[in-house]
Structures are given as C-alpha cells and as structure tokens.
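These figures come from a predicted structure and were not determined experimentally. Per chain, numbering begins at 1; letters A, B, ... match sequence-line order.
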Amino acid sequence: MAKGTLPVDMELRKAFQELQSKMITTTQQIKLSNAQIDTLKRTVQHSKLVDQEVISLPPNTRTYEGVGRMFILQSVLDIQKNLQLKVKASEEKMKSLETNKVYLEKNLKESQNNLRELIVSKQQLR
Amino acid sequence: MAGKQQQIDVSQLPAPQLNQLTQQLDQEIEFFSNSMNQLKLAQGKFVESQECLNKVSPDNLSKDILVPLTSSMYVPGQLSDVQNVLVDIGTGYYVEMEVSKGKQYFKRKVEYITKQMEKIQPVLQEKYRMKQATVEILQSKIQAMSLQQQGAAAKA
Amino acid sequence: MAAKGKQSAEQIVAGFQELRQQQRAFATKTSELEMDMKEHELVIETLKEVEDDRKCFRMVGGVLVERTVKDVLPALISNREQMGKIVETLTEKLESKGTEINKYREQHNLKIKGEESKEIEKPDQEVKSGGVLVAKES
Amino acid sequence: MADVQKKLQADLEKYQQLQKDYQKVVSQRQQLDGQLNENTLVKEELCRLEEGANVYKMIGPVLVKQAIPESKQNVQKRIDYITGELKRHETSIKDFEKKQETCRESLAKYQQQIQQAQVKAAARS
Amino acid sequence: MATTESMPEQTKHAGIPLAEFVEDVDSYMQRASNESAEVVLKRLDEQHNKYKFMEYNLNTKKARLKSQIPDIKTSLDIVRHLQSRKDSTDPVETRFLLSDQVYAKAKIPPTEKVCLWLGANVMLEYTIDDATSLLEKNLDAASKNLTQVDDDLSYIRDQTTTLEVNMARVYNWDVKRRQATQGAKS
Amino acid sequence: METEQLLYHLAEIEELAEDIISDKHQMVELDKKRQKTREAIRLLSKDKKSQKTWVCFGNMFIKLPKEDTKKLLEKDFNGLDTEIADVSKGLKPKVNKLRDLEHKEDVKGFGLNAMSRDEIQAVEALL
C-alpha cells in the first residue's frame with residue numbers, strides 16, 4: 001500500500017476513532033456488569049444456604065440477625081423473610097444489569113453497522 | 001511535574017530516561033490505585049452504616065440484642081433509643097442526630113467519596129495510557145538498538 | 001517476522017506468569033485454610049473443657065444461632081476435618097502445579113533468577129481481630 | 001583532581017540530605033492537607049446542624065457537651081492554624097526546590113570537570 | 001515454614017537458626033561444601049531471604065498481638081465494671097459502636113454472664129468471674145508472646161547482621177583472590 | 001579488617017537510637033494523654049448541671065456518675081504519671097549508652113585506616 005496516494009477521509013477517521021473508544025468503554029462496562037452479576041449470584045447462593053441451615057434448626061431456637069456489629073434477636077421466620085428479601089433484591093439487580101448489558105451490546109452493534117454503512121456509502125460515492 | 005512531562009515529546013527521550021519515566025509512572029499508578037482502594041473501602045463502610053440505620057427503627061425498640069462491648073465481648077441488652085444515634089463526625093466531635101438525619105449524613109459521605117473517585121479515575125487512566133505508550137516506545141527503541149548492534153556485528 | 005517471534009516469546013512469559021499466579025493462589029489459599037484450622041483446633045480444645053449444656057453461639061452466614069456446646073462441638077469437628085481434606089487436595093494441586101511449571105520451563109527453556117523463594121507464599125498481612133483466645137507459642 | 005572529587009562527594013552528600021529533608025517536608029504537607037480536609041468537613045457538618053442539636057467533644061476518655069458556636073469556633077481555629085502551617089511548608093518546599101536546583105547545577109559542573117580531566121588523561125597516555 | 005535442618009537449635013529462639021560467624025574466611029572456604037565463593041554467596045543469600053521471611057512473619061504476628069492486647073485490656077475494664085454493678089438493680093446505660101462512626105443506645109440489665117468470641121465463628125457464654133480470669137490469663141499470655149516476638153525479632157536482626165558481615169567477608173576474600181590470580185598472570 | 005566490627009557497631013547504634021526515638025515518642029503520647037485527662041477532670045468539676053457523663057471504653061461509652069468518673073480519671077492520671085516516670089527513667093541510661101557508643105566510635109575512627117575500595121563496595125552492597 002503506497003502511502004499518501006489517497007487523502008485520508010477525515011469523516012471516516014473520526015468515525016473510526018469514535019467507534020474504537022466506544023468499544024473500549026462498552027467492553028469495560030460489560031466486564032464490570034459481569035463481575036457484579038457474579039457477586040450477586042454468590043450472594044443469592046449464600047442466602048439460600050443460610051436459609052437451609054436456619055430451617056434445619058430445632059423449633060424455638062433463638063436466632064440473631066447481624067446488624068453492623070450488633071446482633072438483634074429475630075424469629076426464624078423473620079430471618080427467612082429477610083433472606084428472601086435479600087435474594088429478591090439481588091435477583092432484581094441482576095435482571096437490570098442483564099438488560100443493561102443487552103442494551104450496551106445492541107448499541108455497540110448499531111454503531112458498528114453505522115460505520116459499515118458509512119464506508120459503503122463513501123465507496124459508492126467514489 | 002506531571003504537566004511538564006506531557007509537553008515533552010516522549011518519543012525523543014533516550015532509553016534510560018524512558019525507563020525512569022516508566023518507573024515514575026508505575027509509582028504514580030500505585031499511589032492513585034491505592035487511594036482508589038482506600039476510597040472504595042471507606043465508601044463500603046459508609047454504605048454499611050447507612051444500611052445499619054435502617055434497622056434502628058421503632059419495631060426494634062426494647063428488642064433483645066447482643067451488645068458489642070468490644071470486638072470480642074458481647075452481653076445481652078436492649079436497644080433503648082431508636083429515635084437518635086450518635087455520629088462520629090471526625091476530629092473528636094460527636095453529634096447526636098435523628099436516625100433520618102444520620103442516613104442523610106452517610107448518603108452525603110458516599111456522594112462525597114464518589115466525587116473524589118470520579119476525580120481520580122481519569123487521572124489514573126491517563127497514567128495507564130502514558131505508561132503503555134512509554135513502554136511501547138522503549139521497546140521499539142531497544143529493538144532498534146539491538147538490530148543496529150547486530151548490523152554492526154555483521155559488518156565487522 | 002521479528003515482531004512475530006518476539007510476541008510469542010512474550011506469550012510464553014505471560015503463560016509462565018499465569019501458571020505462577022495460579023501456584024501462588026493455591027499457596028495462599030492453603031496457608032489461609034491452615035490458619036483457619038489452627039483457630040478451629042484452639043476453639044475445639046476450649047469447648048471440650050466446658051460443660052456440655054453451656055450456652056454457645058455459632059455464626060452461620062451473618063446469622064447468630066444460640067445453641068449449646070454439645071450442639072456446636074460436633075459441627076466444628078466435622079468442619080475441621082473437611083478443611084483438612086481440602087488442604088490435602090490443595091497440596092496435591094500445588095505439587096502438580098509445581099511440576100507443570102517445571103515442565104513448562106524446560107519446554108520453553110526459561111531461566112528464572114533465584115527470586116522464587118522470596119515470592120511464593122507470603123501470607124496476607126491482614127490482621128484479623130479474631131477471638132479472645134491467644135495461641136500458645138507455635 | 002582529587003580536590004574536585006572531594007568537592008563532588010561533599011556536594012553529593014549535601015544533595016542527598018536535601019532530598020531527604022525535602023521529602024520529609026512534602027510528606028508533612030500531605031499530612032497537613034489531610035488534616036485540613038478533615039477539619040473542613042467537620043466544620044461543614046457543624047454548620048449544617050440545627051440549633052439545639054447536641055454536640056459532644058471527646059476530651060480524654062470523656063464526652064463533654066459543647067455549644068455549637070463554641071465547637072465551630074474551635075474547629076475554625078484549628079483550620080486557621082493548619083492553613084498557616086501549610087503556607088509555611090509551601091515556602092519551605094519552594095526553598096528546598098531552589099536549593100536542590102543549585103546543588104544539581106554545581107554537581108553537573110564538577111562532573112564535567114572530572115570527565116574533562118579523564119579525557120585529557122586518556123589522551124596523554 | 002522455616003526449616004532448621006542441621007542447624008544448631010537454640011532453645012530460647014526455637015525455630016530460628018543461628019548464623020555462624022565466619023571467623024577465618026580462608027579455612028571456612030576450605031570446607032567441602034564451599035566449592036566456590038559464588039556457591040557460598042548464593043547459599044548465604046538464600047539464608048538471608050529465609051531470615052527476611054521469618055522477620056516478616058514475626059512482624060505480622062506482632063501486629064496481631066498489638067491489636068489484640070488493647071482489646072483484651074478494654075474487655076477486662078468493662079467486665080470489672082459489670083462485676084462491680086452485679087448487685088445493682090439499675091441497668092447500665094451505654095452507647096455502643098453499631099457500625100463505622102455510628103453509636104446506638106442500649107441498656108444492659110445487671111448480668112452474671114458475658115459472651116466471648118473464641119474465633120471460628122463461635123461465641124461462648126462465661127460467668128463474669130470466669131471471663132475475668134480467662135481475659136487475665138490471655139492478657140498475660142499475649143504480653144508474654146509479644147516480648148518473645150520482640151526478642152525473636154532482635155535475635156533475627158543480630159543473625160541477619162552476622163550473615164551480612166559474612167557475605168561481605170566472603171565477597172572481599174573473593175575479590176582479593178581474583179586480584180591476586182590476575183596479578184600473577186600479568 | 002575492621003569492616004565487620006564497624007558494621008556491628010553501627011547496627012548497635014542504630015538499634016539503640018531507634019529504641020530511644022520510640023521511647024521519646026511514647027513519652028510525648030503519654031504526656032498528651034495526661035494533659036487531656038487533666039482537662040477532662042477540670043471540665044467535670046466545672047460543670048454542675050449534669051449528674052452523669054459518658055465515658056469511653058475502647059469502642060463504647062458507658063454512662064457513669066460524675067463522681068465515679070472523676071475518681072477513674074484521677075486514677076488514670078496517676079497511672080500515666082508513673083508510666084511517664086518509668087519511661088523517662090529507662091530513657092536516661094539509654095541516651096548515655098548511645099552517647100558512649102557514638103563517642104567510642106569517634107575514638108576508634110581515628111585509629112582506622114581508610115576503607116579500601118572493595119571494603120567500601122562491600123559496605124555499600126549491604127546498605
């Protein structure tokens with residue numbers, strides 16, 4: 001390829017650069033979301049394990065919920081309720097992260113397509 | 001100092017100086033990532049405190065609790081006030097506030113730290129970018145040098 | 001051409017570094033578990049010496065459960081045994097990782113300066129507040 | 001020749017000492033910066049309080065109730081003090097930078113002299 | 001951890017090998033295991049690393065003890081206070097650290113019992129008297145351990161210095177030997 | 001070859017100096033604590049309004065009658081006094097010893113030949 005025979009198309013160049021930086025930030029965001037989803041998954045799993053443990057306790061066992069450094073006496077039922085709430089919240093968070101991920105991926109693809117179209121239209125123009 | 005370096009054309013620097021520059025950048029990167037980690041840690045603590053305050057609610061008044069006397073000793077007791085908490089605002093000052101005010105306090109703190117992190121993040125990224133560029137230039141220089149030496153050796 | 005050859009050399013080093021990283025991870029995990037086992041040992045010894053029906057709490061994932069010594073002790077003992085088993089498999093993995101690394105090193109003719117003894121297995125410096133028990137001189 | 005070397009050595013030591021002192025002052029300034037920041041945040045919190053809020057100050061191991069205006073005044077006094085100290089450190093940092101610069105120059109001069117002498121000696125032999 | 005192997009063991013600093021001081025480098029280098037200065041220096045360097053590693057471990061231990069001791073002391077203070085209030089009918093009013101920077105109010109009714117964290121996620125109930133004696137015992141043990149650790153640390157520092165001197169001596173011996181052989185050649 | 005003696009000597013001096021610095025630091029800290037305790041006692045005597053006061057125990061505060069608190073603080077104060085006295089008692093011989101050591105080194109220094117090149121190198125390699 002001989003250098004300098006074609007004038008660099010500034011518009012194309014700019015579009016390329018934009019796409020590149022977009023790709024970097026998007027992949028970063030997706031990575032971050034994946035990591036968050038993983039931790040959330042672990043929290044859910046953990047909560048379910050604790051739930052099993054608590055169910056297997058003999059009736060009338062006194063259980064305390066950790067709040068900061070203190071422990072509050074809480075009925076097994078309440079503890080289960082709180083665990084379920086936690087699981088639910090985590091699952092919702094995961095869901096929103098997933099939808100966000102899908103959106104990001106779609107968005108990126110669209111940008112790629114736009115660039116492709118731009119190239120095609122430039123070629124046709126020439 | 002950092003501002004000056006950005007104006008120098010890095011590709012013009014000799015190899016030893018480039019090496020020094022990467023080392024300096026490494027140090028700076030470590031410094032900033034350390035601050036980031038500390039900020040994250042502090043933020044986590046504030047979030048936790050904020051969440052704890054949710055449990056200081058009327059339905060927990062007089063409830064049996066285990067009171068942390070030290071980090072390794074607890075005694076049975078009861079929560080005796082769910083309206084107010086004492087907040088350590090730093091430098092030896094403590095303020096009694098309503099639970100809702102306490103929550104606001106920690107929310108503010110979290111926001112403050114987030115802002116600090118947002119300030120550091122781009123600087124950190126810029127340092128990473130600069131380091132990468134410097135390393136690349138350094139490597140190409142070393143390669144060119146070794147090629148030159150090979151050439152000289154072949155001639156001799 | 002030259003660039004290609006260089007890149008693969010970099011890849012070799014990167015692969016080696018990754019193996020070492022895995023090895024180190026195994027080593028840290030092992031030493032963590034061993035510390036945990038020691039702690040369990042200490043607690044088990046303490047509980048063995050007190051009355052069976054003494055009130056005793058056990059923390060399960062953020063939930064504190066009020067039981068008695070006779071309920072908690074067997075759980076602790078089985079816990080310790082499980083940890084022992086994990087330590088065993090981890091040690092095996094650590095060893096096989098070591099041979100893997102040596103093989104890799106021979107295969108690619110890598111020479112490492114004598115810095116490995118320094119790096120491997122530095123326990124994390126985190127100071128756990130832990131319990132009230134003070135370990136006997138070990 | 002030996003004389004220059006001795007001077008170079010002396011200057012080098014001086015330079016190293018300067019660097020050490022410089023670093024010390026810089027880290028002190030950093031500490032002061034932190035303290036200023038913390039006190040400013042406390043001041044902000046105190047300013048936010050409604051009248052009649054209970055403010056305590058820890059003195060020794062005792063919590064002592066303090067009126068809000070008094071607390072504000074105390075913290076302001078500390079802020080003023082730290083700001084003064086910061087200014088002092090700032091000038092001393094600038095001073096150190098200047099001293100280091102002159103030291104570096106004289107070091108370079110001696111080094112050059114030695115190099116020249118060495119070249120001459122090499123040419124002679 | 002640190003292997004002692006054939007090292008002479010000192011009972012006072014169990015597990016920490018003594019660094020033998022090289023009095024006479026010439027005769028030291030004559031020993032069968034010391035084939036060359038390089039080999040010896042490498043071995044000494046390895047030993048040096050071992051000492052550094054032990055020092056690091058001891059420092060970690062020291063940090064742990066140093067954070068444990070004040071905690072035990074405060075626990076003792078409070079337990080003694082509770083003991084003095086055993087016969088009173090009024091609850092003790094407290095503000096306890098609920099979470100970072102937050103204190104909540106709690107009432108502690110007169111009590112005979114306190115709970116102590118043993119570790120391994122287990123907390124055990126003690127009578128106040130038992131807790132006091134356990135804490136006293138542990139405080140004593142922790143303080144003794146701390147002095148032992150300090151002792152060991154300064155012992156290690158001594159050994160490290162000896163080792164460093166040995167390294168310097170062997171190094172110098174080698175430099176002189178090389179200069180001598182070179183002088184003989186030219 | 002005086003290298004190793006010198007090294008030992010330097011190590012000894014350094015260790016002692018570190019010890020002295022940490023002692024002095026401790027004295028300063030203790031004195032600060034003592035002053036704070038005195039200030040607290042003064043404030044407690046001045047304030048006539050409340051009967052009880054919050055006293056810090058590590059991570060918690062316990063509400064105590066003022067008179068009890070004052071007694072406690074006075075005990076603390078006296079304890080700190082003796083502690084400071086103890087440290088300063090131990091500090092004096094250490095300072096003297098350090099002075100001796102440094103002085104000895106000076107005297108010895110006159111008798112020393114200049115270090116040879118490789119001796120300097122060896123020392124540098126160690127430092």
Side-chain angles (χ1 to χ4, degrees), chain B residues 41-57 60-110 112-113, chain E residues 64-83 85-86 90-128 130-132 134-136 138-139 142:
Chain B
L41 224 67
Q43 195 183 38
K45 280 185 179 169
F46 287 139
V47 171
E48 202 200 322
S49 291
Q50 200 185 342
E51 279 168 6
C52 276
L53 285 177
N54 288 330
K55 298 279 175 174
V56 185
S57 59
N60 282 329
L61 180 65
S62 313
K63 238 196 199 153
D64 277 348
I65 60 167
L66 286 167
V67 187
L69 300 180
T70 61
S71 61
S72 56
M73 187 163 76
Y74 284 73
V75 280
Q78 287 93 34
L79 270 185
S80 58
D81 182 357
V82 291
Q83 306 296 324
N84 297 294
V85 285
L86 190 71
V87 177
D88 174 359
I89 60 167
T91 72
Y93 281 97
Y94 295 75
V95 176
E96 195 166 46
M97 14 179 134
E98 275 169 41
V99 172
S100 61
K101 288 265 166 65
K103 283 184 203 166
Q104 282 168 19
Y105 171 85
F106 287 110
K107 202 173 151 227
R108 275 203 302 280
K109 289 280 148 184
V110 171
Y112 175 76
I113 289 191
Chain E
R64 204 182 50 231
L65 285 169
K66 274 205 152 171
S67 76
Q68 218 177 3
I69 287 173
D71 196 61
I72 300 178
K73 271 189 185 154
T74 336
S75 297
L76 259 176
D77 274 351
I78 297 174
V79 129
R80 284 184 185 134
H81 179 70
L82 290 177
Q83 195 162 28
R85 304 264 320 224
K86 224 158 52 175
D90 314 330
V92 179
E93 274 184 272
T94 68
R95 292 188 194 262
F96 64 95
L97 187 64
L98 171 63
S99 175
D100 209 53
Q101 293 193 346
V102 191
Y103 293 78
K105 257 190 199 170
K107 280 196 168 110
I108 300 170
T111 176
E112 278 281 331
K113 306 239 166 90
V114 295
C115 304
L116 296 175
W117 261 138
L118 301 183
N121 289 327
V122 172
M123 188 158 74
L124 185 61
E125 194 182 66
Y126 284 88
T127 61
I128 285 188
D130 283 354
T132 314
L134 178 74
L135 288 169
E136 275 166 357
N138 282 343
L139 182 60

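The shortest heavy-atom contact between E/Trp117 and B/Ser71 is CD1-O, 3.3 Å. In terms of heavy-atom proximity, E/Ser75 sits nearest to B/Ser72 at OG-OG, 4.0 Å. When all heavy atoms are compared, the tightest approach of E/Lys107 to B/Ser80 is CG-CB, 3.7 Å. In plain terms, the two heavy atoms of E/Met123 and B/Leu66 that are nearest each other are CE-CD1, 3.9 Å. Here the shortest heavy-atom pairing between E/Lys113 and B/Val75 reads O-CG1, 3.8 Å. Closest approach of B/Ser49 and E/Asp100 over heavy atoms only: OG-O, 2.7 Å.
For the pair E/Arg95 and B/Glu96, the minimum side-chain heavy-atom distance is below 4.5 Å. E/Tyr103 is not listed as a side-chain neighbour of B/Val87, based on a closest heavy-atom distance of 4.5 Å or more. E/Val102 is not listed as a side-chain neighbour of B/Tyr105, based on a closest heavy-atom distance of 4.5 Å or more. Looking at heavy atoms from C-beta onward, B/Leu69 lies in side-chain contact with E/Ile108 at the 4.5 angstrom threshold. Contact annotation: the side chain of E/Ile78 approaches that of B/Met73 to within less than 4.5 Å [non-hydrogen atoms, C-beta and beyond].
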Please walk me through it: do B/Val56 and E/Leu98 pass side-chain contact (heavy atoms from CB on, under 4.5 Å)? CA-CA 10 Å; B/Val56 185; E/Leu98 171 63; 3.8 Å; yes
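Using a 4.5 Å cut-off between heavy atoms, E/Val92 does not touch chain B at all. Only the side chain of B/Ile65 comes within contact range of chain E, with heavy atoms under 4.5 Å apart. Heavy-atom distances place the side chain of E/Leu82, and not its backbone, under 4.5 Å from chain B.
Atom NZ of E/Lys86 sits in a crowded spot, with more than 12 heavy atoms from other residues, nucleotides or ligands closer than 6.0 Å. Other residues, nucleotides and ligands place no more than 12 heavy atoms under 6.0 Å from the CD atom of E/Glu112. For B/Lys63, the NZ atom is densely surrounded, since the number of other residues' heavy atoms within 6.0 Å is greater than 12.
Note that the OH atom of B/Tyr94 and the CD atom of E/Gln101 stand 9.5 Å from one another [nearest 0.5 Å]. For the atom pair NZ of E/Lys73 and OG1 of B/Thr70, the computed distance is 14.0 Å after rounding to the nearest 0.5 Å.
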